[in-house]
Visitor: 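One structure is given below, represented as structure tokens, and several questions about it will come after.
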Amino acid sequence: MEFLDAVIQYGFLQKALFTSIMVGIICGTVGCFIILRGMALMGDAISHAVLPGVAIAYMLGINFFVGAVFSGILTAVAIGFVSQNSRIKNDISIGIMFTFAFALGIILITLMKSSTDLYHILFGNVLAVRPSDMWTTLGIGIFVLFSIFLFYKELLVTSFDPTMGAAYGLPVKGIHYFLMTLLTMVTVASLQTVGIVLVVAMLITPAATAYLLTDRLWVMLYLSAGLGVISSVVGLYFSFTYNLASGATIVLIATMLFLLAFTFSPKRGVLWNFIKARRKKVSLV
């Protein structure tokens with residue numbers, strides 16, 4: 001009740017709650033396609049690769065969204081170019097390019113001489129969300145969700161069977177880079193909430209939890225978005241109530257939900273698999 005009273009009373013907490021909910025929805029939704037495509041490492045790469053773009057945007061005094069999106073897309077293209085034009089495999093090129101971008105971003109932010117900005121960019125501070133951050137997150141969320149709704153079939157086919165997608169005449173590479181653009185935008189939207197270091201957890205953990213609970217993509221999308229919202233709201237509650245780091249608290253809640261699904265999922269839970277194995281063993285005796 002104290003938290004609800006605080007939400008009603010304080011504007012900063014209303015903005016934080018709204019932004020957290022939007023981040024939970026879009027991270028959970030895009031994360032499903034990242035999981036299905038086996039691109040968790042790419043998600044980590046893009047989330048770290050936006051850092052130099054953010055730093056340059058701050059230096060130039062422009063909206064960090066522009067710099068972050070440009071930096072993320074440029075890194076995704078560079079990863080693809082290196083892996084396609086050399087003997088270097090995709091995971092190795094990801095490791096090279098994203099660590100380079102992240103290191104460059106840290107150097108640029110160090111030159112800015114603002115450790116506070118660095119801490120907030122890396123780890124987030126949802127309780128300090130500004131109105132501009134909230135509206136940016138809302139705009140990104142609407143665009144991302146509408147894009148997924150519009151190109152759902154194309155994303156579905158290319159996520160499960162890229163070869164079939166190419167046979168149908170779908171631009172598989174174009175769809176890949178389109179998804180990388182959405183991933184970059186979601187990362188930018190999540191900067192204030194969970195930060196660069198932890199955004200990959202919000203992309204992967206709710207989607208992985210939903211993956212344990214269903215075999216249907218559309219159900220997985222709704223579940224993942226819902227789990228992202230629950231993680232964000234509950235994490236914000238504990239962050240505000242006990243004065244904890246917001247991003248880390250949200251990620252811990254998401255991980256706890258994953259562990260519950262991992263243990264108790266009706267089809268894939270460890271506990272139920274153990275019970276089934278015991279019953280089968282008893283029946284054979």
Side-chain angles (χ1 to χ4, degrees), residues 25-50 53 68-101 140-190 199-200 202-225 228 268:
I25 292 173
I26 58 178
C27 281
T29 304
V30 173
C32 291
F33 295 102
I34 302 301
I35 286 284
L36 293 175
R37 290 168 174 258
M39 293 170 54
L41 185 57
M42 178 64 85
D44 192 23
I46 298 299
S47 66
H48 287 73
V50 303
V69 170
F70 178 79
S71 178
I73 294 175
L74 182 63
T75 302
V77 172
I79 289 170
F81 181 81
V82 170
S83 62
Q84 293 170 14
N85 293 275
S86 70
R87 297 178 60 187
I88 301 297
K89 295 183 179 180
N90 193 56
D91 57 340
I92 299 175
S93 63
I94 289 173
I96 294 171
M97 298 309 300
F98 103 75
T99 50
F100 162 75
I140 292 173
I142 292 172
F143 177 80
V144 168
L145 295 176
F146 179 75
S147 298
I148 291 176
F149 173 79
L150 194 62
F151 299 105
Y152 174 78
K153 291 183 179 178
E154 289 81 358
L155 289 168
L156 171 65
V157 173
T158 55
S159 295
F160 282 101
D161 195 338
T163 304
M164 180 181 292
Y168 282 142
L170 296 176
V172 176
K173 288 186 178 180
I175 293 172
H176 169 79
Y177 286 113
F178 171 70
L179 184 60
M180 291 303 98
T181 302
L182 296 183
L183 175 60
T184 303
M185 296 177 72
V186 169
T187 301
V188 174
S190 307
V199 66
V200 67
M202 285 303 292
L203 282 165
I204 301 303
T205 309
T209 306
Y211 185 71
L212 293 175
L213 299 173
T214 183
D215 294 322
R216 298 191 176 188
L217 178 58
W218 68 271
V219 177
M220 182 180 174
L221 289 170
Y222 283 111
L223 278 175
S224 181
R268 301 180 178 87

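In this chain, numbering begins with 1 at the start of the sequence shown.
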Visitor: Any non-hydrogen side-chain atom of S83 less than 4.5 Å from a side-chain atom of I88?
Guide: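 They are not in side-chain contact.
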
Visitor: What heavy-atom pair brings V50 and G72 nearest, and what distance separates the two atoms?
Guide: CG1-CA, 4.2 Å

Visitor: Can you establish whether the number of heavy atoms outside Y152 located under 6.0 Å from its atom OH is more than 12?
Guide: yes

Visitor: Looking at every non-hydrogen atom in both residues, tell me the closest pair between I25 and A225 and how far apart they are.
Guide: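 Looking at all heavy atoms of both residues, the closest pair is O-CB, 3.9 Å.
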
Visitor: If you measure from CZ on F81 to OG on S86, what distance do you get to the nearest 0.5 Å?
Guide: 9.0 Å

Visitor: Flag the pair I35 / M220 as yes when at least one side-chain heavy-atom distance between them is below 4.5 Å, and no otherwise.
Guide: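 Contact flag for I35/M220 side chains = yes.
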
Visitor: Take F178 and S147 through the side chain to side chain contact (heavy atoms under 4.5 Å, CB included) test and state the conclusion after the steps.
Guide: CA-CA 10 Å; F178 171 70; S147 298; 3.5 Å; yes

Visitor: Could you grab the distance from atom CD1 of I148 to atom CZ of F143, nearest 0.5 Å is fine?
Guide: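 Going from CD1 on I148 over to CZ on F143, the span is 10.5 Å.
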
Visitor: Less than 4.5 Å apart, side chain to side chain, heavy atoms only: is that true for L183 and F33?
Guide: no

Visitor: Going through the distances and angles, do V144 and T29 end up as a side chain to side chain contact (heavy atoms under 4.5 Å, CB included)?
Guide: CA-CA 9 Å; V144 168; T29 304; 5.8 Å; no

Visitor: Contact between I175 and L179 at the side-chain level, heavy atoms closer than 4.5 Å - yes or no?
Guide: no

Visitor: To the nearest 0.5 angstrom, please state how far the CD1 atom of I79 sits from the CE atom of M180.
Guide: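 Taking CD1 in I79 and CE in M180, the distance rounds to 9.0 Å.
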
Visitor: Kindly write out the residues that satisfy ring-ring contact (aromatic ring centres under 6.0 Å, His included) with F98, not counting sequence neighbours, or none if the list is empty.
Guide: H48

Visitor: Quick one: list whatever passes ring-ring contact (aromatic ring centres under 6.0 Å, His included) with Y168, sequence neighbours left out.
Guide: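 With sequence neighbours excluded, Y168 shows a ring-ring contact (aromatic ring centres under 6.0 Å, His included) to no residue whatsoever.
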
Visitor: With rounding to the nearest 0.5 Å, note down the distance linking CD1 in I46 to OG1 in T181.
Guide: 9.0 Å

Visitor: Any side-chain heavy atom of H176 sitting closer than 4.5 Å to one from T158?
Guide: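 No. Closest side-chain heavy atoms not under 4.5 Å.
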
Visitor: For the residue pair E154 and V172, establish whether any side-chain heavy-atom pair is separated by less than 4.5 Å.
Guide: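 When only atoms from C-beta onward are counted, V172 and E154 do not touch, as no gap falls below 4.5 Å.
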
Visitor: Do the side chains of V69 and M185 get nearer than 4.5 Å, heavy atoms only?
Guide: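 Of all side-chain heavy-atom pairs linking V69 with M185, at least one is under 4.5 Å.
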
Visitor: Would you indicate whether Y177, at its atom OH, is surrounded by more than 12 heavy atoms from other residues, nucleotides or ligands within a distance under 6.0 Å?
Guide: yes

Visitor: Looking at A207, is its backbone amide N or carbonyl O close enough to the side chain of S224 to form a donor-acceptor pair, meaning the two atoms are under 3.5 Å apart?
Guide: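 Flag set: sc S224 to bb A207 pair under 3.5 Å.
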
Visitor: Measure the spacing between CG of D44 and CD1 of I34 and express it to the nearest 0.5 Å.
Guide: 11.5 Å

Visitor: With a 4.5 Å cut-off on side-chain heavy atoms, are T209 and P206 touching?
Guide: no

Visitor: Locate the shortest heavy-atom distance separating C32 from L221; write the atom from each residue and the value.
Guide: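 In this case the closest contact between C32 and L221 is CB-CD2, 3.6 Å.
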
Visitor: Could you pull out all residues at least two apart from F160 that satisfy ring-ring contact (aromatic ring centres under 6.0 Å, His included)?
Guide: none

Visitor: Just by distance, do the side chain of T205 and the backbone of M202 share a donor-acceptor pair under 3.5 Å?
Guide: no

Visitor: Return the CZ to OG1 distance between F70 and T75, rounded to the nearest 0.5 Å.
Guide: 9.5 Å

Visitor: Carefully, step by step, assess V82 and I96 under the rule side chain to side chain contact (heavy atoms under 4.5 Å, CB included).
Guide: CA-CA 10 Å; V82 170; I96 294 171; 5.7 Å; no

Visitor: Okay, side chain of S71, backbone of A68: is any donor-acceptor separation there less than 3.5 Å?
Guide: no

Visitor: Side chain to side chain contact (heavy atoms under 4.5 Å, CB included), that's the test. Do M42 and I94 meet it? Break it down for me.
Guide: CA-CA 7 Å; M42 178 64 85; I94 289 173; 4.2 Å; yes

Visitor: Looking at Y222, I'd like to know if its OH atom is crowded, meaning that more than 12 non-hydrogen atoms belonging to other residues, nucleotides or ligands lie closer than 6.0 Å.
Guide: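 Not buried by this count: 12 neighbours or fewer within 6.0 Å.
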
